[in-house]
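Numbers for residues simply follow the sequence, beginning at 1.
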Amino acid sequence: MRDRAVLAGALALAGGVLAVVGSFLPWAEISAGLFTEQAKGIDGWEGKAAIIAGAVMVAGGIRVLAGSHQAMARLRPGAAIGGLVAAGVGVYTAVTIRDQLVDAAATELPRVEVERALDNGLLQLTIAIGLYLVIAGGIQGIVAALVALGARNEPVAPTGAGLRGWSRTGTDIPGVPTTPPAMPDVSAPPPGAVPGDGDEPPG
């Protein structure tokens with residue numbers, strides 16, 4: 001179960017990092033001849049949502065990798081929600097990126113001309129690396145949540161010793177007296193005999 005917890009934590013941590021880093025990278029690239037412009041994820045609400053989702057996954061993964069088995073209970077919903085948000089935002093952006101570009105360009109140019117330029121190849125729109133990283137990070141968060149379903153919340157097993165290797169019974173702890181050894185049983189002398197006298201009694 002410990003191996004499963006480590007795997008879930010590592011997936012959540014890596015997925016969160018990908019989502020956060022990808023949000024600061026370009027999500028789309030628009031080019032027209034020699035003119036090229038990039039749009040970063042952080043420029044819109046989608047990138048900010050991906051950053052929050054990634055931070056949730058990173059926090060959950062760190063808690064699990066730090067050795068807290070009880071953190072698995074929080075990792076399951078955190079990784080699932082964070083992964084769904086990051087992947088959902090990324091897929092939504094990839095599907096609607098053309099419409100978003102047309103809407104943004106329509107403030108300066110007629111919408112029909114922008115769409116015609118895209119159809120004729122005069123204006124090219126490509127998805128950049130940042131968006132792929134966010135989607136990949138979201139998928140890893142979902143996988144981490146699925147892996148965490150098979151891991152139980154188990155406390156750390158006791159080692160059998162106290163702090164600094166002292167015995168749990170307290171026999172070696174400074175300030176606590178040790179238990180004296182038991183005295184051996186000594187048989188009683190026979191009646192009339194004087195202990196320690198080796199001479200025979202007078203006749």
Once you round to the nearest 0.5 Å, how far does CD1 of Ile51 lie from CZ of Phe24?
3.5 Å
What's the separation between atom CD1 in Ile135 and atom OH in Tyr92, rounded to the nearest 0.5 Å?
13.5 Å
Where Ala50 and Ala19 come nearest, the two heavy atoms and their spacing
O-CB, 3.9 Å
Carefully, step by step, assess Trp27 and Val134 under the rule side chain to side chain contact (heavy atoms under 4.5 Å, CB included).
CA-CA 9 Å; Trp27 282 20; Val134 170; 3.7 Å; yes
Under 4.5 Å between side-chain heavy atoms, counting indirect links through other Ile/Leu/Val/Met/Phe/Trp/Tyr residues: same cluster for Leu65 and Val17 or not?
yes
Can you name the nearest heavy-atom pair linking Gly47 to Ser23, along with the distance?
O-OG, 3.4 Å
Return the set of residues passing salt bridge (Lys or Arg N to Asp or Glu O under 4.0 Å) with Arg98 (not counting sequence neighbours), or none when no residue passes.
Asp119
Main-chain N/O of Ala145 paired with Arg76 side-chain donor or acceptor, under 3.5 Å
no
same_hphob_cluster(Ile62, Val56) at 4.5 Å side-chain heavy-atom cutoff
no
If hydrophobic clusters are built from ILVMFWY residues whose side chains come within less than 4.5 Å, do Tyr132 and Val85 share one?
yes
Pairwise distance CD(Glu29) to CD1(Ile127) - rounded to 0.5 angstrom:
12.0 Å
Using 0.5 Å steps for rounding, measure from the CD atom of Gln38 to the CG atom of Asp43.
10.5 Å
Heavy atoms only: give me the nearest Gln140-Gly15 pair and the separation to one decimal.
NE2-N, 3.4 Å
If I take atom OG1 from residue Thr96 and atom CD from residue Glu46, how far apart are they, to the nearest 0.5 angstrom?
7.0 Å
Ile139, Val91: one ILVMFWY side-chain cluster at the under-4.5 Å cut-off?
yes
Output the distance between atom CD1 (Ile142) and atom CG (Leu11), rounded to the nearest 0.5 Å.
12.0 Å
Between Arg4 and Val147, does a side chain to side chain contact (heavy atoms under 4.5 Å, CB included) hold up when you go through it step by step?
CA-CA 7 Å; Arg4 185 181 291 269; Val147 173; 3.6 Å; yes
Same cluster for Ile42 and Val20 if Ile/Leu/Val/Met/Phe/Trp/Tyr side chains link at under 4.5 Å?
yes
Give me the atom names and distance for the closest heavy-atom approach of Leu75 to Gly61.
CD1-N, 4.0 Å
Give me the atom names and distance for the closest heavy-atom approach of Ala53 to Ala86.
CB-N, 4.0 Å
So, for Leu133 and Gly22, which heavy atoms are closest and what is the spacing to 0.1 Å?
CB-CA, 4.1 Å
